[in-house]
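The block underneath contains the structure these notes are about, expressed in structure tokens.
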Amino acid sequence: MSQSPHILVIGAGVGGLSAAALLAQVGYRVTVLEAQTYPGGSASSYSHKGFIFESGATVAGGFQPNGPHHLIAQKLGITWNVHQHDPAWVAHLPDRRVALTQDHHDVLANFPASRRFWEQQSGLADLAWRMSAQGLPWPPRDWAELVQLLRVGVTNFPADLRLVQPALTTIGQWLKRLNLHQDASFVRFLDSILLISAQTTTTFCNALYGATALDLSRQGVYHVKGGIGGIAQTLVDKVCASGGEVLYRRFVTRIAIQGGRVIGVYAKMGRRTRQEDFYPADFVIANTTPWSLEALLGDAAPPRLRAEVARRTSTWGAFVLHLGLDASRIPADWPDHHQLIETVDGPLGEGHTAFLSMSPVWDYSRAPQGQRAATISTHTRIQDWYDLLQRDENAYYARKEVYTARILALVDRYLPNFSRAITLTLPGTPVTYEFYTLRQRGMVGGFPQTSLFKARSPRTGIPNLRLVGDSIFPGQSTAGVTLGAIRVAEDVRRHLPLPHRKSYSVVHPTQEPVP
């Protein structure tokens, strides 16, 4: 019997696991190598002293009909253990409190002049969701993807003509056309949402991408039972049930290239050992950033990848507080998610804006009895933390204390006496994040979505190597990386078809590449 091609996935993030599950289900032999002892990457959950904390993402969307998680659940025959939360979150501005609900009732009550903006936004987002459900390989990188893209356009013609103008403009220009740009509170309200969902603000955010990024509350925000890492665990279970395997504590050190193609990867059992094993593969999917991919390829990195890494600037990092809370001190009427905005002008991030998520009262698995788990994060510039740690370690830890105090003061301003409920505090910087997730320099969220024509495809310059995750279009969030993974899985199937007769076997590491 002919043997099915072997797909190796570097990293058990949601993007890599989604692609792995799709390929394993149709008959490919799939192995996922994960450096940590648990899956999820930037959307993982970890345990500490009886608490389950979310490492990065705390808000999940895309489970609505035609949403990415709904689509992949249908393809894989899986069920997500999620519960919708409405309001999605509450935004606290200096002059008002705005609940983001599915019907936008409170948003329109606070910003009545914005009704036309939201009508246009929802129309664009509906069309974008519908097109993405049909497959949207952007930017196209070969004739097959171009034909697929044109087919989607023909199916939605002439409605898709509405996408042309927003594809070429920004949210800021859109607001100016509607004479909303002078409403400082409304602009700051949108800026704070977009900084989280698109890694940029109204001035720079592409209008079409921004319309979809602003659609999260309307489509629904969900809690994952046991923490957001449950998404990854459900995918791990599907990979294994389909004959694939997910191997933990496999620290990938380099990708082996022969004749211009990947032939496998080297990995160590843990970070400290020197022993490397070789894992052969017919195709590799890297759930990494372009920077990490270049490092893994070394001298074999294609010139275009080297040029890309050289010209790209670092993305945002995050300063995070993982907190244990005395549940009896949390008022029953507090929603689980809060966006905290210090001023209507001045800087964003760096503790001046923050996002708070608390574990739901119904999820007893997240904390010891009588406690709740919470995560507060703020965007931060990465290099300052690394420079400070290298120059003065004491100053680095002192800065952590300053950021902790600043963030908790901001929370207490809008949610009085919140700090009195804290029973456990675990601060983390981009340095911390890089150590645990292996994200280059602790970068989070992917690239700022300023132009659709700057979007990155999964292609790497090596025929049998693809990127997946928040670096490729459509970018960040578990929903975004799932859409990208669906595209990557289809791309692999086109370039490495299954033989007519399939067999399954487990691939074990060897010491050297097989010619």
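If you read the sequence from its start, that first residue is 1, and numbering goes on from there.
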Requested in this report: Check whether the side chains of S44 and S55 place a donor and an acceptor atom closer than 3.5 Å, and report yes or no.
Outcome: yes

Query raised in the report: Taking side chain as C-beta onward, heavy atoms only, is V481 less than 4.5 Å from S18?
Result: no

**Report entry** Pair S451-N206, side-chain donor/acceptor within less than 3.5 Å
**Finding:** no

Report task. Would you sort out whether L465 and L293 count as a side-chain contact (heavy atoms from CB on, under 4.5 Å), showing the intermediate values? Result -> CA-CA 10 Å; L465 175 64; L293 181 63; 3.9 Å; yes

Query raised in the report: Are side-chain N/O atoms of Q339 and W89 paired as donor and acceptor at under 3.5 Å?
Result: yes

Report task. Please report the shortest heavy-atom distance between A232 and L17, naming the atom on each side. Result -> O-CD1, 3.5 Å

Query raised in the report: Any donor and acceptor pair, going by atom type alone, linking the side chain of D86 with main-chain N or O of G220 inside 3.5 Å?
Result: no

Query raised in the report: Between R188 and T343, is there a donor-acceptor pair closer than 3.5 Å when you use the side chain of the first and the backbone of the second?
Result: yes

Query raised in the report: Does F473 reach the side chain of L452, with side-chain heavy atoms less than 4.5 Å apart?
Result: yes

**Report entry** Backbone N/O of G480 and side chain of S477: donor-acceptor pair under 3.5 Å
**Finding:** yes

Query raised in the report: Any donor and acceptor pair, going by atom type alone, linking the side chain of R466 with main-chain N or O of V492 inside 3.5 Å?
Result: no

Report task. Give, for atom CD1 of I193 and atom SG of C205, the distance between the pair rounded to the nearest 0.5 Å. Result -> 11.5 Å

Query raised in the report: So, do R441 and P430 sit near enough that their side-chain heavy atoms are less than 4.5 Å apart?
Result: no

Query raised in the report: Looking only at atom types and distance, does a side-chain atom of H181 sit under 3.5 Å from a main-chain N or O of D183, one as donor and one as acceptor?
Result: no

Query raised in the report: Under the 6.0 Å and 45° cation-pi test, does R439 pair with Y433?
Result: no

Query raised in the report: Are any non-hydrogen side-chain atoms of I486 and P68 less than 4.5 angstrom apart?
Result: no

Query raised in the report: So how far is it from T202 OG1 to D191 CG, rounded to the nearest 0.5 Å?
Result: 3.5 Å

Query - Carboxylate-amine/guanidinium contact R218 D126, below 4.0 Å - result: yes

**Report entry** Side chain E145, main chain R141, donor-acceptor under 3.5 Å
**Finding:** yes

Requested in this report: State, yes or no, whether a side-chain contact exists between E434 and I382 at a heavy-atom distance under 4.5 Å.
Outcome: no

Report summary line: The single option from Y436, Y38, Y46 that satisfies ring-ring contact (aromatic ring centres under 6.0 Å, His included) with F53 is Y46

Query raised in the report: Measuring from Q199:CD to M443:CE, what's the distance to the nearest 0.5 Å?
Result: 11.5 Å

Query - Atom pair NZ/CZ of K268 and F251 - distance to nearest 0.5 Å - result: 6.0 Å

Query raised in the report: Under 6.0 Å from the six-membered ring centre of F435 and within 45° of its axis: does the NZ or CZ of R271 meet both?
Result: yes

Query - Output field: ring centroids H495/F283 closer than 6.0 Å - result: no

Query raised in the report: In Å, rounded to the nearest 0.5 Å, how long is the span from NE2 of H69 to OG1 of T482?
Result: 4.5 Å

**Report entry** From F186 atom CZ to L180 atom CG, the distance as rounded to the nearest 0.5 Å
**Finding:** 5.5 Å

Query - Heavy-atom pair with the smallest gap, counting every atom of A281 and L8 - result: CB-CB, 3.6 Å

Report task. Report yes or no: is the cationic atom of R312 (NZ for Lys, CZ for Arg) closer than 6.0 Å to the six-membered ring centre of F447, at no more than 45° off its axis? Result -> yes

Requested in this report: Ignoring hydrogens and angles, state whether a donor on the side chain of T380 or E350 is under 3.5 Å from an acceptor on the partner side chain.
Outcome: yes

**Report entry** Over all atoms of both residues, closest heavy-atom pair of T170 and F204
**Finding:** CG2-O, 4.0 Å

Query - Ring geometry between W385 and F319 (parallel below 30°, tilted from 30 to 60°, perpendicular above 60°) - result: parallel

Query raised in the report: Would N287 and V32 count as a side-chain contact (heavy atoms from CB on, under 4.5 Å) if you check the C-alpha gap in whole Å, the side-chain angles of each, and the deciding distance to 0.1 Å?
Result: CA-CA 10 Å; N287 194 171; V32 181; over 6 Å; no

**Report entry** Over 12 foreign heavy atoms within 6.0 Å of CZ, R456
**Finding:** yes

**Report entry** CA sep, side-chain torsions, deciding dist, call: H379, T353, side-chain contact (heavy atoms from CB on, under 4.5 Å)
**Finding:** CA-CA 8 Å; H379 283 67; T353 54; 5.9 Å; no

Query raised in the report: Hey, does the Lys NZ or Arg CZ of R406 hover above the aromatic six-ring of Y403, less than 6.0 Å from the centre and inside 45° of the axis?
Result: yes

Report task. Identify the two heavy atoms, one from A207 and one from P166, that lie closest to each other, and give their separation to 0.1 Å. Result -> CB-O, 3.4 Å

Report task. Would you indicate whether the side-chain heavy atoms of T460 and L297 approach each other to under 4.5 Å? Result -> no

Query raised in the report: So which heavy atom on I407 is nearest to which on G351, and how close?
Result: CG1-CA, 4.0 Å

Query raised in the report: Is it true that a side-chain atom of K238 and a backbone atom of I78 form a donor plus acceptor pair closer than 3.5 Å?
Result: no

Query raised in the report: Heavy-atom distance under 4.5 Å between the side chains of H337 and H223, does that happen here?
Result: yes

Report task. Would you name the heavy atoms of T200 and P448 that are closest together and state the gap between them? Result -> CB-CB, 4.0 Å

Report task. May I ask you to test the T169-R177 pair for a side-chain heavy-atom distance under 4.5 Å? Result -> yes

Query raised in the report: Do the side chain of Q25 and the main chain of K75 share a donor and acceptor less than 3.5 angstrom apart?
Result: yes

Query raised in the report: Got a sec: does the OH of Y396 have more than 12 other heavy atoms crowding it under 6.0 Å?
Result: yes

Report task. May I have the step-by-step check of side-chain contact (heavy atoms from CB on, under 4.5 Å) for L410 and I376, ending in yes or no? Result -> CA-CA 11 Å; L410 179 61; I376 312 176; over 6 Å; no

**Report entry** Test item: Q476 side-chain N/O and I196 main-chain N/O as donor-acceptor pair under 3.5 Å
**Finding:** yes

Requested in this report: Could you tell me whether the side chain of E54 and the main chain of I228 form a donor-acceptor pair under 3.5 Å?
Outcome: yes

Report task. Only pairs at least two apart or in different chains count here, so list each side chain to side chain donor-acceptor pair (under 3.5 Å) that has a residue in residues 292-304. Result -> T289-S292

